[in-house]
**Student:** 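Have a look at the structure that comes next, please.
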Amino acid sequence: MYIGYPCVNYTIKRSTNNTFKLSSYSHQKVRETVQKNIDHFWDILKFNLRYDIKFFRLGSQFIPFASHDIFDFNWQDEFRDQLEELGEFIREQEFFITMHPGQYVVLNSKNQDVIRRSIRELEWHADLLDLMKIEGLIQIHIGGIFDNKAEAINRFINSYNSLPYKVRRRLAIENDDRLYNFEDVLKIARSTGAHIVFDVYHDRINPSNYSLQEILDILKDNLIIDYSSGDDRGRHADTIDVHDFLQFYRNVEEYNPKIMFEIKDKEKSVLTAKDLIKTK
DNA sequence: TGAAGTCAAGGCGCG
DNA sequence: CGCGCCTTGACTTCA
């Protein structure tokens, strides 16, 4: 059972999302910030190893401004050796790593330039995972509706098919809390071959006709879940809701899922959950 | 050293 | 039609 947390570890005060403002961009600034992210990533992985936490989401600012037009730093050559070393450790210890670029990646935009920049963003994510020589998924949402959902879905599929293979092979799509529910995502995944990440909390706020049991049976051995509880407005919980988690866990445990905690206190809730499971 | 102001980006929905 | 929301709140400047 893989349970993990995203980007940051508050216990040891380490983040894979150190960044800077665009106005202070320089090669030196990129160099020292990426180095910091690498160093912090090592510390987080060592923490995770100690506590047997095998799942982690790498921050999307790991290489700050990597897809921006002004970016002209050859980070691949500069950090190749260090990234290979990291990757070796990740493979040896069988960590599972995902990434989740944010709301600015919109593959079904009507604006070609937005799509172009989205693809550039996805490409550096893929390059990073490739340089580490690890498996690992890049999860995104479908995007907007733009007054016509069928057309928006078609645009997504067209963009998906135009992606370079290095991105396509790692791309996972996830149901969101307002526009594209699990049923939408499943249809798109079936016609593209994209991986799926299932967000249980979004599904609670924006459900489809599929029951949780049906969803689990469809995804079964490829079950990657974003888990959170929270209020009905979609705000992620500050800390784990023990009752909610145990109920959820009893439903999914037989599927051997990978569960990413989208809970604000991060590793703390993961450790609580692991204790709960152990003493259950 | 702490507080205030600012930060690359898209799209939706509320008021 | 402007603004807040999404998120990991964090960087930078100014006292």
**Student:** Would you measure the distance from the C1' atom in B:dC7 across to the matching atom in C:dC5 and give it in whole Å?
**Tutor:** 16 Å
**Student:** If you assign each of A:R178 and A:K266 to its closest nucleotide in DNA chain C, which residue comes earlier from the 5' end?
**Tutor:** A:R178
**Student:** Please work out if A:Y10 contacts a base, only the sugar-phosphate, or nothing of the nucleic acid, heavy-atom cut-off 4.0 Å.
**Tutor:** sugar-phosphate
**Student:** Listed by chain and number, what are the ring pair (Phe, Tyr, Trp, His ring centres under 6.0 Å) partners of A:F79, not counting sequence neighbours?
**Tutor:**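 Applying ring pair (Phe, Tyr, Trp, His ring centres under 6.0 Å) to A:F79 gives none.
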**Student:** Tell me: CG of A:D176 to P of C:dC6, nearest whole Å?
**Tutor:** 14 Å
**Student:** Taking only the P atom of each, what is the distance from C:dG9 to B:dG10 in whole angstrom?
**Tutor:** 23 Å
**Student:** Do the side-chain N and O atoms of A:N37 and A:N18 include a donor-acceptor pair separated by under 3.5 angstrom?
**Tutor:** yes
**Student:** Which nucleotide in the set B:dG10, B:dC12, C:dC11 lies at the smallest distance from any side-chain heavy atom of A:T19?
**Tutor:**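 Minimum distance to the A:T19 side chain belongs to C:dC11.
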**Student:** Starting at atom CD1 of A:I142, determine the distance to atom P of B:dG10, rounded to an integer number of angstrom.
**Tutor:**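 After rounding, the reported distance stands at 19 Å.
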**Student:** For B:dA8, give its Watson-Crick or G-U wobble partner with both distances under 3.5 Å, or none.
**Tutor:** none
**Student:** May I ask you to say what A:G102 touches in the nucleic acid, namely base, sugar-phosphate or nothing, with a heavy-atom cut-off under 4.0 Å?
**Tutor:**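 No contact.
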**Student:** What nucleotide among C:dC11, B:dG11, B:dC12 has an atom nearest to a side-chain atom of A:I145?
**Tutor:** B:dC12
**Student:** Can A:Q139 and A:D226 be counted as having a side-chain donor-acceptor contact under 3.5 angstrom?
**Tutor:**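 Yes, A:D226 and A:Q139 have a side-chain donor paired with an acceptor closer than 3.5 Å.
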**Student:** Taking CZ from A:F71 and P from B:dA9, how many angstroms apart are they, rounded to a whole number?
**Tutor:**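 These atoms are roughly 17 Å apart.
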**Student:** Quantified in whole Å, what is the P atom distance between nucleotide B:dA9 and nucleotide C:dC3?
**Tutor:**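 It works out to 16 Å between them.
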**Student:** Checking side chain to side chain donor-acceptor pair (under 3.5 Å) for the pair A:Q35/A:D39: CA distance, chi angles, key distance, verdict?
**Tutor:** CA-CA 6 Å; A:Q35 186 61 59; A:D39 293 343; 3.0 Å; yes
**Student:** Do A:N175 and A:H141 have side-chain atoms, one donor and one acceptor, less than 3.5 Å apart?
**Tutor:**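 Looking only at side-chain atoms, A:H141 and A:N175 do not form any donor-acceptor pair under 3.5 Å.
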**Student:** Measure the distance between the ring centre of A:Y104 and the centre of the six-membered base ring of B:dG10, then answer whether it is under 5.5 Å with planes under 30°.
**Tutor:** no
**Student:** Any side-chain N or O of A:S24 less than 4.0 Å from the OP1 or OP2 oxygen of C:dT12?
**Tutor:**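 It does, given that an N or O in the side chain of A:S24 lies less than 4.0 Å from OP1 or OP2 of C:dT12.
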**Student:** Can you tell me how far P of B:dG11 sits from CD of A:Q103, to the nearest Å?
**Tutor:**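 The answer, rounded to whole Å, is 11 Å.
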**Student:** Paired with C:dT7: which nucleotide, if any, by Watson-Crick or G-U wobble criteria at under 3.5 Å for both distances?
**Tutor:**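 Pair assignment: C:dT7 / none.
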**Student:** How many Å lie between CG on A:N18 and P on B:dC7, as a whole number?
**Tutor:** 20 Å
**Student:** Whether A:S109 contacts B:dG11 is assessed here as follows: a side-chain N or O lying under 4.0 Å from the phosphate OP1 or OP2. Is that the case?
**Tutor:** yes
**Student:** A:F146 CZ to B:dG10 P: how many Å, rounded?
**Tutor:** 11 Å
**Student:** Using atom P in both nucleotides, what's the gap between C:dC6 and B:dA3 to the nearest angstrom?
**Tutor:**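 Those two atoms are separated by 25 Å.
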**Student:** Taking atom NZ of A:K268 as the centre, does the number of heavy atoms from other residues, nucleotides or ligands within less than 6.0 Å exceed 12?
**Tutor:**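 It does not: A:K268 NZ has 12 such atoms or fewer within range.
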**Student:** Would you mind reading off the distance between A:N206 atom CG and B:dG13 atom P, rounded to a whole angstrom?
**Tutor:**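 Rounded to the whole Å, the gap is 11 Å.
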**Student:** Starting from P on C:dC11, measure out to NZ on A:K36 and report it in whole angstrom.
**Tutor:** 6 Å
**Student:** Less than 4.0 angstrom between a side-chain N/O of A:Y25 and OP1 or OP2 of C:dT12, yes or no?
**Tutor:**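 Result: no.
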**Student:** Using atom C1' of each nucleotide, how far apart are B:dG11 and C:dA10 to the nearest Å?
**Tutor:**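 Pairwise C1' distance, B:dG11 against C:dA10, rounds to 24 Å.
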**Student:** With DNA chain C as reference, determine whether A:K29 or A:E262 sits nearer its 5' end, using the nearest nucleotide of each.
**Tutor:**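 Looking at DNA chain C, the more 5' nearest nucleotide goes with A:E262.
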